[in-house]
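Below is one structure; the comments refer to it alone.
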Amino acid sequence: MQILRIATRKSPLALWQSEHVAAALRAAHPGLEVTLVPMSTRGDEVLDRSLAAIGGKGLFLKELELAMQRGEADCAVHSLKDVPMELEPGFVLPAILERADYADAFVSNRYNGIDELPQGAIVGTASLRRQAQLCARRPDLVLRDLRGNVNTRLGKLDAGEYDAIVLACAGLQRLGFDARIRARLDSPQWLPAPAQGAIAIECRDDDPATAALCSVLDHAPTRTCVEAERAMNRALHGSCHVPVAAFAELRGERLHLQGLVGSAHDGHSVRAQDEASAQHAERLGIAVAQALLDQGAGALIAAEAEPDTGPFRS
Ligand SMILES: NCc1[nH]cc(CCC(=O)O)c1CC(=O)O
(Lines give C-alpha, C1' and ligand atoms only; values in the text may rest on other atoms or scores of the structure.)
Protein backbone atom coordinates (compact mmCIF):
# COMPACT_ATOMS: atom_id res chain seq x y z
CA MET A 1 0.00 0.00 0.00
CA GLN A 2 1.16 3.48 -0.84
CA ILE A 3 1.79 5.91 2.02
CA LEU A 4 1.80 9.72 2.01
CA ARG A 5 3.27 11.53 5.05
CA ILE A 6 2.13 15.10 5.69
CA ALA A 7 4.41 17.35 7.77
CA THR A 8 2.40 19.79 9.87
CA ARG A 9 2.77 22.33 12.66
CA LYS A 10 1.18 21.32 15.93
CA SER A 11 -1.19 24.21 16.57
CA PRO A 12 -4.86 23.22 16.65
CA LEU A 13 -5.50 25.14 13.41
CA ALA A 14 -2.53 23.58 11.60
CA LEU A 15 -3.62 20.10 12.73
CA TRP A 16 -7.20 20.75 11.60
CA GLN A 17 -5.99 21.89 8.18
CA SER A 18 -3.67 18.91 7.78
CA GLU A 19 -6.40 16.46 8.85
CA HIS A 20 -8.71 18.14 6.35
CA VAL A 21 -6.18 17.63 3.55
CA ALA A 22 -5.50 14.04 4.68
CA ALA A 23 -9.21 13.19 4.59
CA ALA A 24 -9.61 14.76 1.12
CA LEU A 25 -6.60 12.81 -0.20
CA ARG A 26 -7.91 9.54 1.25
CA ALA A 27 -11.28 10.18 -0.40
CA ALA A 28 -9.63 11.01 -3.73
CA HIS A 29 -7.26 8.03 -3.67
CA PRO A 30 -8.85 4.89 -2.22
CA GLY A 31 -6.08 2.66 -0.91
CA LEU A 32 -3.70 5.52 -0.18
CA GLU A 33 -2.60 5.61 3.46
CA VAL A 34 -2.15 9.20 4.67
CA THR A 35 -0.42 10.00 7.98
CA LEU A 36 0.53 13.23 9.78
CA VAL A 37 4.03 14.10 10.97
CA PRO A 38 3.48 16.89 13.57
CA MET A 39 6.49 19.17 14.14
CA SER A 40 7.45 22.30 16.08
CA THR A 41 8.72 25.29 14.12
CA ARG A 42 10.67 28.33 15.25
CA GLY A 43 7.65 30.46 14.50
CA ASP A 44 5.65 28.53 17.10
CA GLU A 45 8.32 28.66 19.76
CA VAL A 46 9.28 32.30 19.65
CA LEU A 47 6.29 34.12 21.05
CA ASP A 48 7.90 36.78 23.16
CA ARG A 49 9.66 38.73 20.45
CA SER A 50 8.56 40.28 17.21
CA LEU A 51 8.70 37.57 14.57
CA ALA A 52 9.99 40.16 12.12
CA ALA A 53 12.93 40.86 14.40
CA ILE A 54 14.08 37.25 14.37
CA GLY A 55 13.84 36.95 10.60
CA GLY A 56 10.16 36.51 9.93
CA LYS A 57 10.25 35.08 6.46
CA GLY A 58 9.27 31.48 6.22
CA LEU A 59 9.68 30.84 9.91
CA PHE A 60 6.74 28.50 9.97
CA LEU A 61 7.93 26.55 6.91
CA LYS A 62 11.62 25.89 7.43
CA GLU A 63 11.42 22.83 9.69
CA LEU A 64 8.72 21.29 7.53
CA GLU A 65 10.85 21.81 4.41
CA LEU A 66 13.86 20.23 6.13
CA ALA A 67 11.74 17.20 6.99
CA MET A 68 10.78 16.85 3.32
CA GLN A 69 14.43 17.19 2.27
CA ARG A 70 15.47 14.54 4.79
CA GLY A 71 12.79 12.22 3.43
CA GLU A 72 10.84 12.17 6.71
CA ALA A 73 7.71 13.62 5.09
CA ASP A 74 6.39 13.81 1.53
CA CYS A 75 4.49 17.06 1.67
CA ALA A 76 3.48 19.85 4.06
CA VAL A 77 0.23 21.72 4.60
CA HIS A 78 0.21 25.48 5.17
CA SER A 79 -2.07 28.46 5.44
CA LEU A 80 -1.09 30.08 2.15
CA LYS A 81 -1.01 33.52 3.75
CA ASP A 82 1.93 32.35 5.89
CA VAL A 83 3.90 31.15 2.85
CA PRO A 84 6.58 33.63 1.65
CA MET A 85 6.01 35.22 -1.76
CA GLU A 86 9.18 33.53 -3.04
CA LEU A 87 9.04 29.85 -2.31
CA GLU A 88 12.27 28.17 -1.16
CA PRO A 89 14.12 26.82 -4.26
CA GLY A 90 13.39 23.12 -4.80
CA PHE A 91 9.78 23.33 -3.59
CA VAL A 92 6.44 23.71 -5.34
CA LEU A 93 2.77 24.08 -4.38
CA PRO A 94 1.02 21.24 -6.25
CA ALA A 95 -2.36 22.15 -4.73
CA ILE A 96 -4.11 25.27 -3.51
CA LEU A 97 -7.46 24.23 -2.06
CA GLU A 98 -10.73 26.06 -2.56
CA ARG A 99 -10.68 29.17 -0.42
CA ALA A 100 -12.81 29.28 2.70
CA ASP A 101 -14.07 32.59 4.12
CA TYR A 102 -11.41 35.18 3.20
CA ALA A 103 -12.63 37.87 5.61
CA ASP A 104 -11.32 39.03 8.96
CA ALA A 105 -13.55 38.69 12.01
CA PHE A 106 -14.27 41.23 14.74
CA VAL A 107 -14.42 39.28 18.02
CA SER A 108 -15.56 40.79 21.30
CA ASN A 109 -17.55 39.79 24.35
CA ARG A 110 -19.22 43.20 24.58
CA TYR A 111 -19.38 44.99 21.24
CA ASN A 112 -20.90 44.14 17.87
CA GLY A 113 -18.45 45.92 15.62
CA ILE A 114 -15.61 48.42 15.28
CA ASP A 115 -17.98 51.38 15.22
CA GLU A 116 -19.56 50.33 18.54
CA LEU A 117 -16.27 50.39 20.43
CA PRO A 118 -16.04 53.20 23.00
CA GLN A 119 -13.46 55.95 22.69
CA GLY A 120 -9.98 54.61 23.49
CA ALA A 121 -10.99 50.94 23.53
CA ILE A 122 -8.18 48.37 23.53
CA VAL A 123 -7.99 46.15 20.45
CA GLY A 124 -5.57 43.24 20.14
CA THR A 125 -3.83 42.21 16.94
CA ALA A 126 -0.21 41.57 16.01
CA SER A 127 -0.87 42.23 12.36
CA LEU A 128 0.35 45.52 10.89
CA ARG A 129 -2.27 45.15 8.18
CA ARG A 130 -5.07 44.91 10.74
CA GLN A 131 -3.55 47.69 12.85
CA ALA A 132 -3.34 49.98 9.81
CA GLN A 133 -6.99 49.43 8.89
CA LEU A 134 -8.16 49.84 12.49
CA CYS A 135 -6.15 53.03 12.89
CA ALA A 136 -7.53 54.45 9.61
CA ARG A 137 -11.09 53.82 10.73
CA ARG A 138 -10.77 54.69 14.43
CA PRO A 139 -7.64 56.70 15.26
CA ASP A 140 -8.67 56.80 18.94
CA LEU A 141 -8.34 53.04 19.50
CA VAL A 142 -5.45 51.68 21.54
CA LEU A 143 -3.81 48.88 19.54
CA ARG A 144 -2.02 46.19 21.53
CA ASP A 145 0.06 43.27 20.38
CA LEU A 146 -1.66 39.89 20.48
CA ARG A 147 0.17 36.69 19.65
CA GLY A 148 -0.22 32.98 19.92
CA ASN A 149 -2.47 30.54 18.17
CA VAL A 150 -6.19 31.14 17.67
CA ASN A 151 -7.17 29.41 20.94
CA THR A 152 -4.58 31.40 22.92
CA ARG A 153 -5.79 34.67 21.43
CA LEU A 154 -9.42 33.95 22.32
CA GLY A 155 -8.27 33.08 25.86
CA LYS A 156 -6.54 36.46 26.21
CA LEU A 157 -9.71 38.25 25.07
CA ASP A 158 -11.78 36.30 27.59
CA ALA A 159 -9.28 37.10 30.35
CA GLY A 160 -10.20 40.76 29.84
CA GLU A 161 -6.94 41.96 28.32
CA TYR A 162 -8.71 43.50 25.32
CA ASP A 163 -12.12 44.99 24.45
CA ALA A 164 -11.95 43.27 21.07
CA ILE A 165 -9.58 41.33 18.83
CA VAL A 166 -9.38 40.73 15.09
CA LEU A 167 -8.78 37.24 13.68
CA ALA A 168 -9.37 35.43 10.40
CA CYS A 169 -12.92 34.06 9.98
CA ALA A 170 -11.47 30.94 8.33
CA GLY A 171 -9.43 29.93 11.37
CA LEU A 172 -12.34 30.50 13.74
CA GLN A 173 -14.73 28.55 11.56
CA ARG A 174 -12.33 25.63 11.15
CA LEU A 175 -11.94 25.33 14.91
CA GLY A 176 -15.68 25.53 15.59
CA PHE A 177 -15.67 29.10 16.92
CA ASP A 178 -18.11 30.53 14.34
CA ALA A 179 -20.33 31.78 17.13
CA ARG A 180 -17.56 34.13 18.34
CA ILE A 181 -17.61 36.15 15.11
CA ARG A 182 -19.49 39.34 16.04
CA ALA A 183 -18.91 40.99 12.66
CA ARG A 184 -17.32 40.03 9.35
CA LEU A 185 -14.94 42.74 8.24
CA ASP A 186 -15.66 42.64 4.54
CA SER A 187 -14.37 44.11 1.32
CA PRO A 188 -14.34 46.81 0.06
CA GLN A 189 -14.26 48.61 3.45
CA TRP A 190 -11.80 46.12 4.94
CA LEU A 191 -9.34 43.91 3.05
CA PRO A 192 -7.79 40.59 4.11
CA ALA A 193 -4.19 39.42 3.86
CA PRO A 194 -3.07 38.14 0.48
CA ALA A 195 -4.30 34.50 0.18
CA GLN A 196 -6.14 34.54 3.52
CA GLY A 197 -8.49 31.56 3.82
CA ALA A 198 -6.61 29.38 1.32
CA ILE A 199 -4.75 26.18 2.30
CA ALA A 200 -1.74 25.09 0.22
CA ILE A 201 0.15 21.81 -0.06
CA GLU A 202 3.92 22.03 -0.57
CA CYS A 203 6.23 19.28 -1.82
CA ARG A 204 9.72 18.87 -3.33
CA ASP A 205 9.90 19.73 -7.02
CA ASP A 206 11.80 16.48 -7.67
CA ASP A 207 8.87 14.41 -6.37
CA PRO A 208 6.33 14.33 -9.21
CA ALA A 209 4.55 11.30 -7.71
CA THR A 210 3.59 13.27 -4.58
CA ALA A 211 2.73 16.33 -6.67
CA ALA A 212 0.39 14.22 -8.82
CA LEU A 213 -1.39 12.76 -5.78
CA CYS A 214 -1.88 16.23 -4.26
CA SER A 215 -2.81 18.07 -7.44
CA VAL A 216 -6.31 16.55 -7.49
CA LEU A 217 -7.16 18.96 -4.64
CA ASP A 218 -6.11 22.04 -6.61
CA HIS A 219 -8.91 24.58 -7.14
CA ALA A 220 -8.18 26.62 -10.26
CA PRO A 221 -10.35 29.68 -9.46
CA THR A 222 -8.72 30.02 -6.03
CA ARG A 223 -5.26 29.65 -7.57
CA THR A 224 -6.07 32.44 -10.03
CA CYS A 225 -7.21 34.80 -7.25
CA VAL A 226 -4.31 34.16 -4.88
CA GLU A 227 -1.85 34.42 -7.77
CA ALA A 228 -2.97 38.01 -8.31
CA GLU A 229 -2.87 38.83 -4.59
CA ARG A 230 0.56 37.28 -4.10
CA ALA A 231 1.96 38.89 -7.26
CA MET A 232 0.87 42.27 -5.90
CA ASN A 233 2.49 41.59 -2.54
CA ARG A 234 5.68 40.31 -4.23
CA ALA A 235 5.92 43.43 -6.37
CA LEU A 236 5.63 45.53 -3.19
CA HIS A 237 8.39 43.45 -1.65
CA GLY A 238 6.12 41.89 0.32
CA SER A 239 7.70 40.31 3.13
CA CYS A 240 5.08 39.64 5.68
CA HIS A 241 5.88 42.46 8.01
CA VAL A 242 4.45 45.25 5.95
CA PRO A 243 0.84 46.39 6.19
CA VAL A 244 -0.36 45.07 2.84
CA ALA A 245 -3.87 43.84 2.15
CA ALA A 246 -5.20 42.34 -1.08
CA PHE A 247 -8.38 40.72 -2.25
CA ALA A 248 -9.11 39.26 -5.68
CA GLU A 249 -12.37 37.82 -6.91
CA LEU A 250 -13.58 36.36 -10.17
CA ARG A 251 -16.70 37.87 -11.71
CA GLY A 252 -17.31 35.59 -14.67
CA GLU A 253 -14.20 35.72 -16.85
CA ARG A 254 -12.93 38.89 -15.22
CA LEU A 255 -10.58 39.00 -12.29
CA HIS A 256 -10.94 42.00 -9.94
CA LEU A 257 -8.17 42.93 -7.52
CA GLN A 258 -8.21 45.47 -4.70
CA GLY A 259 -5.04 46.38 -2.83
CA LEU A 260 -4.15 48.49 0.17
CA VAL A 261 -0.93 49.62 1.84
CA GLY A 262 -1.24 51.44 5.13
CA SER A 263 0.52 52.78 8.15
CA ALA A 264 -0.08 51.14 11.49
CA HIS A 265 0.92 54.40 13.20
CA ASP A 266 -0.98 57.30 11.65
CA GLY A 267 -3.81 55.62 9.77
CA HIS A 268 -2.64 56.92 6.41
CA SER A 269 -3.28 54.43 3.61
CA VAL A 270 -3.38 54.15 -0.15
CA ARG A 271 -5.67 51.94 -2.19
CA ALA A 272 -5.89 50.79 -5.78
CA GLN A 273 -7.98 48.42 -7.82
CA ASP A 274 -8.08 47.10 -11.33
CA GLU A 275 -9.44 44.23 -13.36
CA ALA A 276 -8.15 41.94 -16.10
CA SER A 277 -8.86 38.70 -17.85
CA ALA A 278 -8.45 35.70 -15.54
CA GLN A 279 -5.44 34.54 -17.60
CA HIS A 280 -3.49 37.60 -16.56
CA ALA A 281 -3.58 37.24 -12.80
CA GLU A 282 0.10 37.94 -12.25
CA ARG A 283 0.11 40.95 -14.55
CA LEU A 284 -2.94 42.31 -12.71
CA GLY A 285 -1.17 41.96 -9.38
CA ILE A 286 1.85 43.84 -10.68
CA ALA A 287 -0.35 46.59 -12.16
CA VAL A 288 -2.18 47.16 -8.85
CA ALA A 289 1.16 47.17 -7.00
CA GLN A 290 2.42 49.82 -9.42
CA ALA A 291 -0.71 51.92 -8.88
CA LEU A 292 -0.11 51.71 -5.11
CA LEU A 293 3.55 52.69 -5.54
CA ASP A 294 2.49 55.65 -7.72
CA GLN A 295 0.47 56.87 -4.73
CA GLY A 296 3.37 56.61 -2.31
CA ALA A 297 3.12 53.04 -1.02
CA GLY A 298 6.92 52.75 -1.15
CA ALA A 299 7.36 55.27 1.66
CA LEU A 300 4.71 53.57 3.79
CA ILE A 301 6.41 50.20 3.36
CA ALA A 302 9.87 51.63 4.10
CA ALA A 303 8.55 53.27 7.27
CA GLU A 304 7.30 49.96 8.60
CA ALA A 305 10.12 47.78 7.34
CA GLU A 306 12.78 48.89 9.83
CA PRO A 307 14.02 45.96 11.82
CA ASP A 308 12.48 45.47 15.21
CA THR A 309 9.64 47.87 14.61
CA GLY A 310 7.10 45.50 15.50
CA PRO A 311 4.96 42.64 15.03
CA PHE A 312 4.41 40.76 11.93
CA ARG A 313 1.96 39.61 9.54
CA SER A 314 -1.63 39.05 9.46
N1 LIG B 1 -1.45 34.50 11.06
C2 LIG B 1 -1.75 33.16 11.48
C3 LIG B 1 -2.82 32.58 10.63
N4 LIG B 1 -2.52 31.99 9.46
C5 LIG B 1 -3.70 31.60 8.88
C6 LIG B 1 -4.75 31.94 9.72
C7 LIG B 1 -6.17 31.73 9.45
C8 LIG B 1 -6.53 30.75 8.38
C9 LIG B 1 -6.34 31.22 6.97
O10 LIG B 1 -6.13 32.41 6.67
O11 LIG B 1 -6.44 30.35 6.08
C12 LIG B 1 -4.19 32.53 10.86
C13 LIG B 1 -4.91 33.03 12.05
C14 LIG B 1 -5.44 34.42 11.92
O15 LIG B 1 -4.91 35.24 11.15
O16 LIG B 1 -6.41 34.74 12.63
Side-chain angles (χ1 to χ4, degrees), residues 8-21 41-44 46-47 50-52 56-61 64 76-84 93 95-108 123-134 145-157 162 164-178 180-185 187 190-202 217 219 222-223 225-226 229-230 233 238-248 310-314:
T8 176
R9 293 169 53 205
K10 289 178 185 166
S11 72
L13 180 60
L15 287 170
W16 186 97
Q17 293 179 166
S18 297
E19 288 288 3
H20 174 74
V21 166
T41 69
R42 277 197 77 200
D44 297 302
V46 183
L47 289 175
S50 151
L51 293 182
K57 235 171 112 191
L59 220 55
F60 293 109
L61 277 78
L64 308 187
V77 170
H78 310 292
S79 294
L80 185 54
K81 80 166 176 178
D82 297 331
V83 175
L93 302 179
I96 296 172
L97 277 68
E98 183 172 3
R99 186 181 238 175
D101 194 340
Y102 58 82
D104 275 339
F106 175 89
V107 180
S108 170
V123 182
T125 171
S127 150
L128 290 175
R129 174 186 63 83
R130 289 172 180 150
Q131 289 176 3
Q133 293 186 90
L134 284 164
D145 199 15
L146 170 61
R147 293 269 290 283
N149 66 43
V150 173
N151 308 57
T152 308
R153 294 189 216 183
L154 289 172
K156 290 181 177 174
L157 172 71
Y162 309 92
I165 62 177
V166 180
L167 292 168
C169 285
L172 291 166
Q173 288 161 355
R174 287 171 185 150
L175 294 174
F177 295 125
D178 312 51
R180 307 227 29 185
I181 301 172
R182 297 292 282 264
R184 274 182 87 249
L185 303 173
S187 116
W190 184 282
L191 299 181
Q196 183 158 304
I199 294 171
I201 311 180
E202 181 184 27
L217 301 186
H219 186 254
T222 297
R223 190 179 276 273
C225 291
V226 299
E229 294 164 7
R230 285 171 58 82
N233 201 15
S239 72
C240 340
H241 35 98
V242 293
V244 173
F247 177 57
F312 158 92
R313 140 191 344 262
S314 40

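Order of appearance sets the numbers: ligands from 1, and atoms from 1 within every ligand.
- Every N/O-N/O distance between Q196 and ligand 1 stays at or above 3.5 Å.
- Within the 4.5 Å cutoff, no side-chain heavy atoms of H219 are placed close to those of R99.
- The ligand atoms of ligand 1 that sit less than 4.0 angstrom from a heavy atom of G197 are 9 (C), 10 (O), 11 (O).
- For a threshold of 3.5 Å applied to N or O pairs, the pair formed by A168 and ligand 1 contains at least one separation below that value.
- Atoms OH and CZ, on Y162 and R153 in that order, are 10.0 Å from each other to the nearest 0.5 Å.
- The shortest separation from a heavy atom of R130 to ligand 1 is under 4.0 Å, placing the residue in contact.
- Within the 4.5 Å cutoff, the side chain of R130 has no heavy atoms near those of the V123 side chain.
- A cation-pi arrangement, defined by a distance under 6.0 Å to the six-membered ring centre and an angle within 45 degrees of its axis, is absent between R180 and F106.
- Here is the list of ligand 1 atoms found below 4.0 Å of a heavy atom in S79: 4 (N), 5 (C).
- Residues D104 and Q133 bring no donor and acceptor atom of their side chains to less than 3.5 Å of each other.
- Here Q173 has no heavy atoms under 4.0 Å from ligand 1, in either its backbone or its side chain.
- Counting heavy atoms under 4.0 Å from ligand 1, residue L167 touches it through both backbone and side chain.
- By the 4.5 Å heavy-atom criterion applied to side chains, V166 and L146 are not counted as neighbours.
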